Amino acid sequence: MASSASGAEEVRVSVLTPLKLVGLVCIFLALCLDIGAVLSPAWVTADNQYYLSLWDSCWKPAASDTWRCSSTFGSEYARDWQIATLALLLGGAALILFSFLVGLVSVCVGSRRRFYRPVAVMLFAAVVLQVCSLVLYPIKFIETISLRIYHEFNWGYGLAWGATIFSFGAALLYCLNPKSYEDYY
């Protein structure tokens with residue numbers, strides 16, 4: 001059986017590499033952590049008397065058993081840094097969501113390589129936005145809010161850092177040269 005070299009075309013099928021699959025899982029985890037961070041009631045807590053989230057500020061007077069809460073946006077307590085933190089965090093989360101959707105589309109489409117770079121760029125942009133928000137938040141909190149009691153940045157703030165770290169890891173995985181790795185699969 002002789003085969004004609006000029007008539008035979010090599011058909012290359014793009015295979016999903018494990019690195020890109022792990023990257024997609026990292027994007028999904030980052031998205032889940034971002035949702036948890038944005039919805040978290042505890043970004044800052046202080047001795048069971050005060051807590052601050054991205055949406056409201058609550059305190060309990062010493063002589064009372066009831067909590068008093070006010071919205072961080074609908075009152076005179078609204079500060080520009082709180083709005084900026086939320087906007088940067090939501091902007092990063094939107095980019096992570098969009099990159100997750102593009103990553104899912106890339107799994108379903110035969111030619112995936114063209115999607116790798118845009119996903120990586122969106123994830124790096126999300127990381128920059130989220131790092132800016134997570135650095136801004138504690139600096140401005142300590143500068144503007146004077147708590148005379150011990151306070152700590154709580155699990156909501158930690159979830160946001162976790163989302164940022166997973167986004168960065170996914171961006172690095174999507175930056176790896178797919179041509180080198182796809183030849184093995």
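All figures in this text were calculated on a predicted structure; none of them were measured in a lab.
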Subject >> From Ser57 atom OG to Tyr51 atom OH, the distance as rounded to the nearest 0.5 Å >> reply: 9.0 Å

Subject >> CD1-SG distance between Ile27 and Cys32, expressed to the nearest 0.5 angstrom >> reply: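 If we round to the nearest 0.5 Å, Ile27:CD1 and Cys32:SG are 12.0 Å apart.
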
State, to 0.1 Å, how close [X] and [Y] come at their nearest heavy-atom pair, and which atoms those are.
X     : Y      : result
Trp43 : Ala37  : NE1-O, 2.9 Å
Ala30 : Ser167 : CB-OG, 3.4 Å
Leu33 : Gly162 : CD1-C, 3.6 Å
Ala42 : Trp155 : CB-NE1, 3.6 Å

**OP:** Starting from the C-alpha separation in whole Å, work towards a yes-or-no answer on side chain to side chain contact (heavy atoms under 4.5 Å, CB included) for Cys69 and Trp55.
**Re:** CA-CA 10 Å; Cys69 297; Trp55 306 102; over 6 Å; no

**OP:** For side chain to side chain contact (heavy atoms under 4.5 Å, CB included), just list the numbers for Leu52 and Gln82, CA-CA rounded to whole Å, side-chain angles, deciding distance to a tenth of an Å, and then say yes or no.
**Re:** CA-CA 10 Å; Leu52 176 68; Gln82 290 172 314; 3.6 Å; yes

**OP:** Go through the steps for Phe28 and Phe166 under the test side chain to side chain contact (heavy atoms under 4.5 Å, CB included), then give the verdict.
**Re:** CA-CA 9 Å; Phe28 178 74; Phe166 273 106; over 6 Å; no

**OP:** Could you give me the CA-CA distance, side-chain angles and deciding distance for Phe141 and Phe153, then say whether side chain to side chain contact (heavy atoms under 4.5 Å, CB included) is met?
**Re:** CA-CA 10 Å; Phe141 172 81; Phe153 295 97; 3.8 Å; yes

Would you tabulate the side-chain donor-acceptor contacts of residues 123-135 under 3.5 Å, counting partners in other chains and residues two or more places apart, or write 'none'?
unit_1, atom_1, unit_2, atom_2, d
Gln130, OE1, Thr164, OG1, 3.2
Gln130, NE2, Asp34, OD1, 2.8
Gln130, NE2, Asp34, OD2, 2.5
Ser133, OG, Gln130, O, 2.8

With hydrophobic residues grouped by side-chain heavy-atom distances under 4.5 Å, do [X] and [Y] end up in a single group?
X      : Y      : value
Val22  : Val25  : no
Ile35  : Leu29  : no
Leu24  : Leu31  : yes
Val121 : Phe168 : no
Ile142 : Leu54  : yes

Under 3.5 Å, which donor-acceptor pairs do the side chains of residues 89-104 form with other protein atoms, sequence neighbours left out?
unit_1, atom_1, unit_2, atom_2, d
Ser99, OG, Leu95, O, 3.2
Ser99, OG, Ile96, O, 2.9

Original post:
Are any non-hydrogen side-chain atoms of Trp81 and Ile139 less than 4.5 angstrom apart?
Top reply: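 Contact flag for Trp81/Ile139 side chains = no.
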
Original post:
Are the side chains of Asp56 and Ser53 in touch, meaning some heavy atoms are under 4.5 Å apart?
Top reply: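 They are in contact (side-chain heavy atoms under 4.5 Å apart), so the answer is yes.
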
Original post:
Who pairs with Glu152 by salt bridge (charged side-chain N to carboxylate O under 4.0 Å, His left out), at least two apart in sequence or on another chain?
Top reply: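 If we apply the salt bridge (charged side-chain N to carboxylate O under 4.0 Å, His left out) test to Glu152, skipping adjacent residues, there are no hits.
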
Original post:
Hey, is OH on Tyr157 packed in by over 12 heavy atoms from elsewhere, all under 6.0 Å?
Top reply: yes

